Amino acid sequence: MSMPAPPAPDGAGAPAGSPAERDAAPGDASFAIPRGVPLWEIFATFLFIGAVSFGGGVVAYLRAGLVLQKKWLDEERFLSALEIAQALPGLNATNMSIIVGDRLRGVPGAVVAFLGITLPGATLVMILGVLYASNASNPYVNATLVGVGAAAVGMLTAVTLQIGRKQLGSLIDIAIIAVTLVMVSVLHISLIWVLLTVGPAAIFIYRPRKSPALDPDEPSEPAA
Amino acid sequence: MNENLSVLGVFSLLSVLAVGGGAAVLPETKALVVGAHHWLTDDQFRDIYGLGQVVPGPNMLMVLVIGYHVTGYLGALLAFIGFFVPAGAISWGASRVWDHFEGSPWRGALQRGLAPLVVGLMAAGTVSIARTAIDGATTIAIAIAVFAGVYFAKRVNPALFVLAGGLVGLALLSGTGAGQP
């Protein structure tokens, strides 16, 4: 069921190929992504976020650093980058670092931003991992990690519920959640099949529909 | 058979499947790492997941430690590259063409439809960790207390609750043989 593409809204027709073209696109908000930000500054900014973002909520730290402090993005551009990071595979934090780094300085910007946000945690987790490997049967280490594991279950439950309550509410949403949970946790169906079946079905359920109320001036027959 | 290539392959697969982030891909990670390849035991997986929760930054940096357990430092590097580079490349490419779809109503449908799927996957990730992490009254009490803390005290950093859970485990579970291999 292919539909004619709707007329592009203001600014969407501008090419998005290079940062320069995007900055020059008229009709965008008056905000422009700064050009010529030094690579070391991109690296240092993401390194700081990577070092202080304990507790999982990296997006909040990114917003504080990139939008409020550095003013490299406005709220709208931040949310648009987040939209991409969330819809695609991968972690929000690393996807965001790559997208924002790319918008600031192209591929080198993306690389230094990614290295910056991962380096502190990667170094620390490797140190802990090597220590763990040589103390894997120490009763104090085991007892502490059992406590951390139990705490992680509580934290994951809380975060899942918070995100679920904020975004969803309809019976259809609850049905999609339940089907996904049963497929993965009870039936142990491989994630790839869950994504390939539930994903398209869910997108089809929320497919765009022509709502006559929105464009009363349009002729009722679609101009194909 | 080269274990290094297996590490790279497994984590590259997980990378492109990680729609919805780290918690959503946890059950599949466990199924491949513990079930299919026997690289770790259930308890080791829980422990390494725990290590990943007490470090800052992106929440799946534990893949480094899993790779390290398979083939040492090279395994750690390959797990890291495998897990972060494919998804990162997809995001990089998509962000360059995304603006072209600004007006497409399907963009909204994609986001709206994937939202409940991701919540379902996160719930499944929680179940997968709970199956090894919840064992006895103390762990249930820790999980409930941390849940209440994170859910209701939104201004407190969740990492503090996770660290507190570890200290409670250290105080109450040492000497009980909890988590002993």
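Since the structure is predicted, the reported quantities are computational estimates derived from the model, not experimental observations. Letters A, B, ... mirror the listed sequences (proteins, then strands); counts begin at 1. In what follows, every heavy atom counts, from backbone to side chain, and hydrogens, waters and symmetry copies are set aside.
Checked by atom type and distance alone, the side chain of B/D47 never pairs as donor or acceptor with a backbone atom of A/V146 at under 3.5 Å. Remark: the backbone N or O of B/F45 is not paired with any side-chain donor or acceptor of B/K30 at under 3.5 angstrom. The main-chain N or O of B/A171 is never found under 3.5 Å from a side-chain atom of B/S174 such that the two would form a donor-acceptor pair. A donor-acceptor distance shorter than 3.5 angstrom exists from the side chain of A/T157 to the backbone of A/V153, with no hydrogens or angles considered. Panel note: side chain A/S185, backbone A/V182; no donor-acceptor pair is recorded below 3.5 Å.
Interface remark: of the candidates B/V25, B/L170, B/L14, B/L170 forms the most heavy-atom pairs closer than 4.5 Å to chain A. Top candidate by heavy-atom pairs under 4.5 Å with chain A, chosen from B/E28, B/H69, B/R112, B/M122, is B/R112. When the candidates A/S97, A/S80, A/G90, A/A175 are compared by the number of heavy-atom contacts under 4.5 Å with chain B, A/G90 comes out ahead. When the candidates A/G199, A/A152, A/A85, A/S190 are compared by the number of heavy-atom contacts under 4.5 Å with chain B, A/S190 comes out ahead. Of the listed residues (A/I98, A/N138, A/I192, A/L145), the one with the most heavy-atom contacts under 4.5 Å to chain B is A/L145. Contacts with chain A were tallied for B/T126, B/V127, B/L173; B/T126 has the most, counting heavy-atom pairs under 4.5 Å. When B/A115, B/G120, B/A145, B/A31 are compared by the number of non-hydrogen pairs under 4.5 Å with chain A, B/G120 comes out ahead. If you tally non-hydrogen atom pairs under 4.5 Å between each of A/G147, A/A151, A/P89, A/A81 and chain B, the highest count goes to A/P89. Chain A forms more heavy-atom pairs under 4.5 Å with one residue of B/F83, B/F84, B/Y49 than with any other, namely B/F84. Each of B/G21, B/G50, B/P58, B/A133 has some count of heavy-atom pairs under 4.5 Å with chain A, and the biggest count is that of B/P58. The candidate with the highest count of non-hydrogen atom pairs below 4.5 Å against chain B, out of A/V184, A/T180, A/T94, is A/T180. Comparing A/A122, A/G164, A/P120 by how many heavy-atom pairs each has under 4.5 Å with chain B, the most go to A/A122.
Interface remark: A/L128 contributes backbone and side-chain atoms alike to the contact with chain B (heavy atom separation under 4.5 Å). With a 4.5 angstrom heavy-atom cutoff, B/T139 touches chain A via backbone and side-chain atoms both. Both the backbone and the side chain of B/V54 come within contact range of chain A, judged by heavy atoms closer than 4.5 Å. If you measure heavy-atom distances from A/V141 to chain B, you find no contacts under 4.5 Å at all. For A/A51, the part lying near chain B is the backbone, with the side chain staying farther off; criterion is any non-hydrogen pair under 4.5 Å. Heavy atoms closer than 4.5 Å to chain B are found nowhere in A/N92, neither backbone nor side chain. Neither the backbone nor the side chain of B/V168 has a heavy atom closer than 4.5 Å to any heavy atom of chain A. Looking at A/A93, the atoms closer than 4.5 Å to chain B (heavy atoms on both sides) all sit in the side chain, from C-beta outward. Both the backbone and the side chain of B/L17 come within contact range of chain A, with heavy atoms under 4.5 Å apart. Both the backbone and the side chain of A/Y140 come within contact range of chain B, judged by heavy atoms closer than 4.5 Å.
Against chain A, the residues from residues 74-82 of chain B that qualify, each with a non-hydrogen atom under 4.5 angstrom away, are B/A76, B/F80 in number order.
In summary, of the residues considered (A/L191, A/L195, A/I189), a side-chain contact (heavy atoms from CB on, under 4.5 Å) with A/W193 occurs for A/I189 alone.
Taking a 6.0 Å sphere around CG of A/L187, one finds it holds more than 12 heavy atoms contributed by other residues, nucleotides or ligands.
The minimum heavy-atom distance linking B/N59 with B/Q53 is given by the pair O-NE2, 4.1 Å.
For B/D135, the salt bridge (charged side-chain N to carboxylate O under 4.0 Å, His left out) test picks out no residue, with sequence neighbours left out.
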